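Below is one structure, written out as structure tokens; comments come after it.
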Amino acid sequence: MNSDLVLYNTLSREKEVFKPIDPNVIGMYVCGPTVYGDAHLGHAKSYVSFDLIYRYLKHKFPRVKYVQNITDVGHLTDDADAGDDKIAKQSRLEKVDPMAIVEKYMHNYFRDMDALNVERADIYPRPSGHIPEQIENIESLIEKGFAYVMNGSVYFDVAQYDKNHHYGKLSGRSIEEMLEGAANRSLSSQSEKKNGFDFALWKKADESHLMQWNSPWGKGYPGWHIECTVMSQKYLGENFDIHGGGLENQFPHHECEIAQAEANTGKAFANYWLHNNMVTINGQKMGKSLGNGIFCAELFSGDNFQLERAYSPMTVRFFILQSHYRSTLDFSNDALEAASKGFDRLSKGLARLEQLKPSSESSINVSDFEKGLYAAMNDDFNSPIAISKLFDGLKMIAALEKGEAKVSADDLKHLKTVYHTFFFDILGLKLELDDRQSNDITEHLMQLILDFRAAAKAEKNYASADKIRDKLKEINIVVKDGKDGAEWSYE
RNA sequence: GGUCUCGUGGCCGAGUGGCUAGGCAGUGGUCUGCAAAACCAUCCACAGCGGUUCGAAUCCGCUCGAGACCUCCA
């Protein structure tokens with residue numbers, strides 16, 4: 001339990017022992033969504049993954065300060081130097097203010113993440129609320145010679161930075177390689193920049209641009225990397241523990257964040273970089289152009305042509321956690337169906353655990369069981385292994401039920417604590433209560449029906465007994481005969 | 001074209017030099033009037049070809065295939 005947490009650091013491309021700057025408060029920043037559309041499966045995987053990481057860090061350390069941005073400005077739709085702000089584009093489509101788009105999709109984002117039982121971060125900073133900080137930061141970069149002004153825009157001078165730093169250290173690139181690679185591709189509309197790989201810190205806005213602010217360089221809006229550098233450092237300090245995000249943001253976004261921060265402060269930015277992998281659907285990349293995207297809300301309702309049925313939020317969460325955060329995850333009906341059944345069995349196992357009776361002694365080793373779970377989580381948050389251990393534990397529970405194994409009162413309490421800690425607290429799963437609330441009347445009616453059926457069975461009138469069961473099944477009520485009489489539940 | 005990652009049984013998905021991953025499905029049982037649930041047992045594997053090694057799915061090389069990034073993207 002006290003063994004070290006090891007995590008895979010993209011910076012070193014190796015697993016490293018996690019050494020916090022201050023063990024009393026861990027600082028973590030994760031790139032959040034740009035809120036111009038509903039949350040999809042990719043968001044679900046990403047934020048469930050970082051929720052797992054957040055929960056486990058909270059479990060191991062006294063406090064974790066978790067910051068996640070909600071991007072409400074600045075990311076363009078196509079070319080790096082032309083095109084339109086995604087949010088502005090959506091606002092024209094929906095014919096409402098850009099900030100109305102932000103409000104709407106931000107609320108939807110939280111709605112879907114809440115359903116997935118993703119815990120809220122401490123702070124959700126938005127770039128539109130940090131314009132002065134971003135301007136200040138850009139001014140500082142200009143002063144230090146790492147940025148230049150061109151026609152009302154400001155660009156980061158990558159070549160200048162690369163003289164004393166390594167631009168590309170996160171994504172394993174070098175400027176030379178990028179130039180070579182770029183030579184084989186057509187480069188367009190980069191006349192304003194000194195070099196093709198320079199990136200914008202501030203963009204001049206023409207009058208038609210919906211979101212713009214005053215700056216020392218005229219009206220404009222911030223570049224698409226500066227927000228994360230500025231907001232992470234504002235809330236976590238110039239040097240902090242963990243920066244997370246999606247793999248596809250490794251380059252250029254995270255690389256640029258590092259360059260901006262380290263040029264300005266002269267010290268290391270984030271110590272550990274964590275990247276989660278992508279989602280595929282039936283083995284295919286999920287993408288707008290392929291038309292195979294699935295929104296979280298569609299998953300929960302089943303309202304998408306690729307879905308055979310609806311899958312509950314916890315089924316989705318469990319499914320995501322059954323693979324490692326650094327692996328790609330393939331969504332398919334078969335895979336979701338398997339996850340649904342597995343989650344159901346594990347959930348029922350938890351209920352069975354509650355019914356166990358202690359003995360005077362134990363023949364099982366709860367500590368070893370617990371150690372296996374911690375070992376899995378300490379190894380770069382390996383939730384699939386942890387879940388497999390929980391399934392292994394089901395065998396132990398079964399043996400205890402059958403009296404083939406014994407457990408002392410203390411050990412039983414311990415075992416329950418371990419299950420609860422991992423199932424609820426760390427994996428962030430919860431039991432899904434049926435929303436068709438039962439009340440006293442249904443309970444009494446059902447008991448009445450089951451009593452009649454029991455009487456029929458006692459008279460070996462199986463035709464009647466089966467008819468009752470079949471008819472109930474038609475209205476989605478399942479009757480199961482057990483040793484101590486029949487039980488019923490909604491299907 | 002460049003940089004990087006990956007290829008595991010019917011499906012999903014861990015592991016990573018020698019020891020059963022796990023889930024779902026299948027098969028055979030136990031239980032049950034039957035069914036369901038639960039439990040027990042069990043089949044099916046490491047893309048291909050070379051190399052290193054006492055021993056490789058695991059390391060190295062090549063081939064084939066998939067994906068990410070190089071342009072906004074979780």
Side-chain angles (χ1 to χ4, degrees), chain A residues 13 30-34 36-37 39-50 74-81 83-86 168 171-174 176-185 187-188 197 224 244-253 255 275-280 283-288 318-319 322-324 326-346 348-349 352 376 379 382-392 394-395 397-399 401-402 404 457 460 462 465-466 469-470 473 478-483 487 489:
Chain A
R13 311 226 160 222
V30 172
C31 285
T34 301
Y36 68 104
H40 52 63
L41 286 184
H43 295 105
K45 172 162 162 63
S46 184
Y47 299 118
V48 165
S49 294
F50 283 108
H75 287 200
L76 302 191
T77 46
D78 43 36
D79 189 270
D81 278 342
D84 205 353
D85 184 303
K86 282 189 243 185
S171 51
R173 290 153 207 255
S174 68
E176 293 73 33
E177 282 167 1
M178 280 185 268
L179 284 173
E180 261 176 54
N184 295 304
R185 316 180 92 233
L187 295 175
S188 60
F197 42 63
W224 34 100
L247 201 57
E248 80 290 341
N249 275 333
Q250 214 175 77
F251 189 91
H253 184 58
E255 203 71 71
H275 289 98
N276 72 282
N277 218 132
M278 322 293 280
V279 161
T280 56
Q284 255 200 328
K285 170 189 176 171
M286 183 176 96
K288 272 187 191 147
F318 182 76
F319 175 62
Q322 260 193 315
S323 90
H324 188 90
R326 280 192 291 114
S327 299
T328 51
L329 176 63
D330 191 45
F331 270 80
S332 65
N333 281 287
D334 285 349
L336 253 344
E337 196 63 47
S340 172
K341 286 182 181 166
F343 177 61
D344 199 39
R345 188 155 79 90
L346 194 59
K348 283 176 182 162
R352 287 159 56 204
D379 184 12
N382 199 324
S383 55
I385 293 285
I387 288 172
S388 81
K389 300 282 177 200
L390 292 180
F391 275 109
D392 286 342
L394 253 36
K395 289 197 168 91
I397 291 171
E401 282 175 333
K402 289 191 284 190
E404 288 169 5
K457 279 181 70 178
K460 295 203 189 296
Y462 295 123
D466 288 354
R469 190 171 61 192
D470 292 344
K473 179 104 164 81
V478 183
V479 175
K480 289 171 194 166
D481 291 322
K483 280 190 175 148
E487 288 179 354
S489 63

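Letters go in sequence order (proteins before strands), and every chain restarts at 1. As a basis for the values below, the full set of heavy atoms in this structure was taken, side chains included, without hydrogen atoms, waters or symmetry mates. Predicted model, so just to flag it, every value in this text is computed and none were measured.
Residue Val479(A) is classed as a base contact, given a heavy-atom separation below 4.0 Å to a base. Here Arg469(A) lies in heavy-atom contact (under 4.0 Å) with a base. Within 4.0 Å (heavy atoms only), Phe343(A) reaches no atom of the nucleic acid at all. No contact: Lys460(A) has no heavy atom under 4.0 Å from any strand. Across all strands, Lys389(A) comes closer than 4.0 Å to no nucleic acid atom at all (heavy-atom distances).
Atoms CZ (Arg352(A)) and P (A38(B)) sit 8 Å apart, rounded to a whole Å. Put simply, CD on Glu487(A) is 15 Å from C1' on A35(B), counting in whole angstrom units. The distance from atom CG of Leu41(A) to atom P of A74(B) is 13 Å, rounded to the nearest whole Å. In this entry the distance linking NE2 of His324(A) with P of U5(B) reads 15 Å, nearest Å.
A distance of about 24 Å separates the P atoms of A45(B) and C40(B), rounded to the whole Å. Between G9(B) and G48(B), the distance separating the two P atoms is 10 Å to the nearest Å. Distance noted for atom P between C46(B) and A21(B): 13 Å (whole Å). The same atom, P, is picked in C19(B) and in C59(B); the two are 16 Å apart, to the nearest Å. Rounded to whole Å, the C1' atom of C72(B) lies 38 Å from the corresponding atom of C24(B).
At the phosphate of G23(B), OP1 or OP2 sits under 4.0 Å from a side-chain N or O atom of Arg345(A). In terms of phosphate contacts, Lys285(A) brings a side-chain nitrogen or oxygen within less than 4.0 Å of OP1 or OP2 of A68(B). The side chain of Asn382(A) contributes an N or O atom lying less than 4.0 Å from OP1 or OP2 of G15(B).
Put simply, CZ on Phe331(A) and NZ on Lys45(A) are 8.5 Å apart, with the number rounded to the nearest 0.5 Å. Expressed to the nearest 0.5 Å, how far CZ of Arg352(A) lies from CZ of Arg345(A) amounts to 8.0 Å. A distance of 7.0 Å separates NE2 in His275(A) from CG in Asn249(A), rounded to the nearest 0.5 Å. Considering CZ of Phe319(A) and OG of Ser340(A), their distance stands at 11.5 Å, rounded to 0.5 Å.
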(request) For RNA chain B, produce a single dot-bracket line, 5' to 3'. Pairs: Watson-Crick or G-U wobble, both distances under 3.5 Å. Symbols: ( ) within strand, [ ] crossing, | other strand, . unpaired. (result) (((((((..(((.....[...))).(((((.......)))))....(((((..]....))))))))))))....

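Between Glu401(A) and Ser327(A), it is Ser327(A) whose nearest contact on RNA chain B lies nearer the 5' terminus. Nearest-nucleotide mapping onto RNA chain B: of Asp392(A) and Lys395(A), the residue sitting toward the 5' end is Asp392(A).
Side chain Asp466(A) to base G33(B): a donor-acceptor pair is found below 3.5 Å.
Between Phe391(A) and G22(B), no base-stacking contact is recorded for ring centres under 5.5 Å apart and planes less than 30° from parallel.
Between Asp344(A) and Lys341(A) no salt bridge is recorded (no basic side-chain N to carboxylate O distance below 4.0 Å).
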